[in-house]
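In the text below, chain A, chain B and the rest are named by the order of the sequence lines, each starting its count at 1.
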There are 2 protein chains.
Amino acid sequence: MREPIYIVIAEDLKKMINSGELEPGDSICSENMLSEQYNVSRMTVRKSLTLLSSEGYIYSVPGKGNYVSVPNQDKYILYFNEMKSIEGSVDETKLLDVNVIKPTMETMYNMKAFENKRLILVRRLMYIDTKPVAYDLKYIPYYRGMPVVEKEINYATFPELVAQKKSLFAIRKELKIKAQRASKDVVDNLRINDGDPIMAIEQKLLDDEDKIVGWGTTYFLSDYFQLQAISSL
Amino acid sequence: MREPIYIVIAEDLKKMINSGELEPGDSICSENMLSEQYNVSRMTVRKSLTLLSSEGYIYSVPGKGNYVSVPNQDKYILYFNEMKSIEGSVDETKLLDVNVIKPTMETMYNMKAFENKRLILVRRLMYIDTKPVAYDLKYIPYYRGMPVVEKEINYATFPELVAQKKSLFAIRKELKIKAQRASKDVVDNLRINDGDPIMAIEQKLLDDEDKIVGWGTTYFLSDYFQLQAISSL
DNA sequence: CAGTGGTCTAGACCACCAT
DNA sequence: TGGTGGTCTAGACCACTGC
């Protein structure tokens, strides 16, 4: 159960930072001093400092020293998956339709698509206890010979739909999250009342060359949906 | 402009992972093989692998090898600050009142507070162009001699209100994000119509001993509020 | 048993910073 | 110029995995 020394050093420093003994902006003992204090080699001390740095506690300035960071109070980790983020989890997904369409003004703007390009529009409904709780629209650039297999589409998340060729590592995603009144289309599909509150989550998928490879929005019934996030430094 | 060798090695491996040449679960060349291939010492190779590991690309199994991770498709970075997250930014904040109150059932549940403890309730309104766009309720455990200075409270974010003694590093935060219909209290304060859609963001602050040191909710007018998040691995 | 990753050392040279 | 962090080496010993 012996902790490696570099972990011990890192935790000692963390304690000093958490307790306020070391404040943001304060400089930390030099690496040579620490290696003398703990009677270890400088490389071991550097391993501790690298760890603290990657966790956001400190940063270093070449030629000067290591310093305590200003904690980033506004940064959170959020977990979201349009298929799993619903309270109690979706127990059925229904593929409404898959169509090859001409881009509208909205999709042309959001996907930087040209008029002559075609898009695939996938529409799905998610159910809990036979009640529709989410309505999902996804647009994917169409290319000739694209496999549009219903079974695959039915339970796939957005990245899975798009990244049939590329590695999932290469796909970046952006979310926009907002509350809004249900529009006509959403009202009809979720069978709710006009103007009911909806959580709309817009997803944009970009590949490693920053090309937009997918765009869409999922409309969640607000009673069945809640996002959670935790602070992260 | 020379890149350090350990960066070159790490980027070579990243390319192989991003292109799909190395797939999740695949094992990576052993550290000894890599150090021969690149003609560097094993410590340098390990530095590359440590970097990739901390970025979520790979993981290692002692005695076996290094492996490509399964990318975490559901993880995002979210930035949120109740004072800054509003479109166009808040240009005025009005402190409605600060009261020492007995805990209600709701606060007792959410703050694990006891009946005989007292709480401070801070109520604020945020404005854009003289229009109220957010209504903010925050509860803080009261202790004798606590400084309740109006000027400080007016523009402070939640952690700043709470962490007057502890280091900000020691404070963890949890968010719950949901869309909902405006309640009576919210309708009155934001001067909107009954049932208008609202984005409610609940914040819970915990110290390093997991004690709840703050709890509250900010109600945003949905037209003026949108969260953004980016994928993170 | 040989091979793997995990820890650690005692040096080295460099670029950078302050004085 | 001396101190700082950044990179890198060529070893070492350990615990673990698979055969």
Side-chain angles (χ1 to χ4, degrees), chain A residues 1-17 21-71 169 233, chain B residues 1-17 21-71 169 233:
Chain A
M1 176 54 231
R2 270 192 68 262
E3 289 274 336
I5 305 179
Y6 79 93
I7 297 280
V8 174
I9 300 175
E11 291 189 338
D12 281 357
L13 289 169
K14 252 190 229 183
K15 271 178 210 155
M16 286 196 270
I17 294 172
E21 189 177 338
L22 283 172
E23 286 180 21
D26 285 1
S27 79
I28 293 163
C29 294
S30 78
E31 297 174 356
N32 286 318
M33 293 202 27
L34 283 172
S35 63
E36 272 185 36
Q37 279 176 33
Y38 283 93
N39 216 337
V40 296
S41 80
R42 192 181 145 222
M43 282 304 274
T44 302
V45 169
R46 280 186 62 73
K47 195 160 182 179
S48 310
L49 298 176
T50 301
L51 183 61
L52 290 177
S53 172
S54 77
E55 289 177 350
Y57 283 89
I58 68 172
Y59 64 98
S60 58
V61 181
K64 297 191 70 179
N66 289 281
Y67 299 88
V68 178
S69 301
V70 177
F169 279 103
L233 278 198
Chain B
M1 177 57 226
R2 270 194 66 261
E3 289 276 336
I5 305 179
Y6 80 94
I7 298 279
V8 174
I9 300 176
E11 289 189 339
D12 281 358
L13 290 169
K14 254 189 224 181
K15 272 178 209 154
M16 287 197 269
I17 294 171
E21 189 177 337
L22 283 172
E23 286 180 22
D26 285 1
S27 79
I28 292 164
C29 295
S30 77
E31 296 174 356
N32 285 319
M33 293 202 28
L34 283 172
S35 62
E36 274 185 33
Q37 279 176 34
Y38 284 92
N39 217 337
V40 296
S41 81
R42 194 181 143 222
M43 281 304 274
T44 301
V45 169
R46 280 186 63 72
K47 194 159 181 179
S48 309
L49 298 176
T50 302
L51 183 60
L52 290 177
S53 172
S54 76
E55 288 177 349
Y57 284 90
I58 67 172
Y59 64 97
S60 59
V61 182
K64 296 191 70 180
N66 289 281
Y67 300 88
V68 179
S69 302
V70 177
F169 279 104
L233 279 198

N or O in side chain of [X] less than 4.0 angstrom from [N] OP1/OP2:
X       : N     : result
A/Tyr6  : C/dT7 : yes
A/Asn66 : D/dT4 : no
B/Ser30 : C/dT4 : yes
B/Thr44 : D/dT9 : yes

### Task
Tell me, yes or no, whether the heavy-atom count around A/Glu55 atom CD, taken from other residues, nucleotides or ligands under 6.0 Å, exceeds 12.
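Yes, CD of A/Glu55 has more than 12 neighbouring heavy atoms, counting only those of other groups under 6.0 Å.
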Roughly, in whole Å, what's the span from [atom1] in [X] to [atom2] in [N]?
X       : N     : atom1 : atom2 : result
B/Asn39 : D/dT7 : CG    : C1'   : 16 Å
B/Tyr38 : D/dT7 : OH    : C1'   : 17 Å
B/Glu31 : C/dT7 : CD    : P     : 11 Å
A/Arg46 : C/dG6 : CZ    : C1'   : 19 Å
B/Arg42 : C/dT9 : CZ    : C1'   : 14 Å
B/Tyr59 : C/dG5 : OH    : C1'   : 14 Å

### Message
Taking the nucleotide of DNA chain D with the nearest heavy atom to each, does A/Lys64 or B/Val40 sit closer to the 5' end?
### Response
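It is A/Lys64, whose closest nucleotide lies nearer the 5' terminus.
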### Query
Taking the side chain of A/Asn32 as heavy atoms from C-beta outward, which of D/dT4, C/dC8, C/dG5 is closest to it?
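It is D/dT4.
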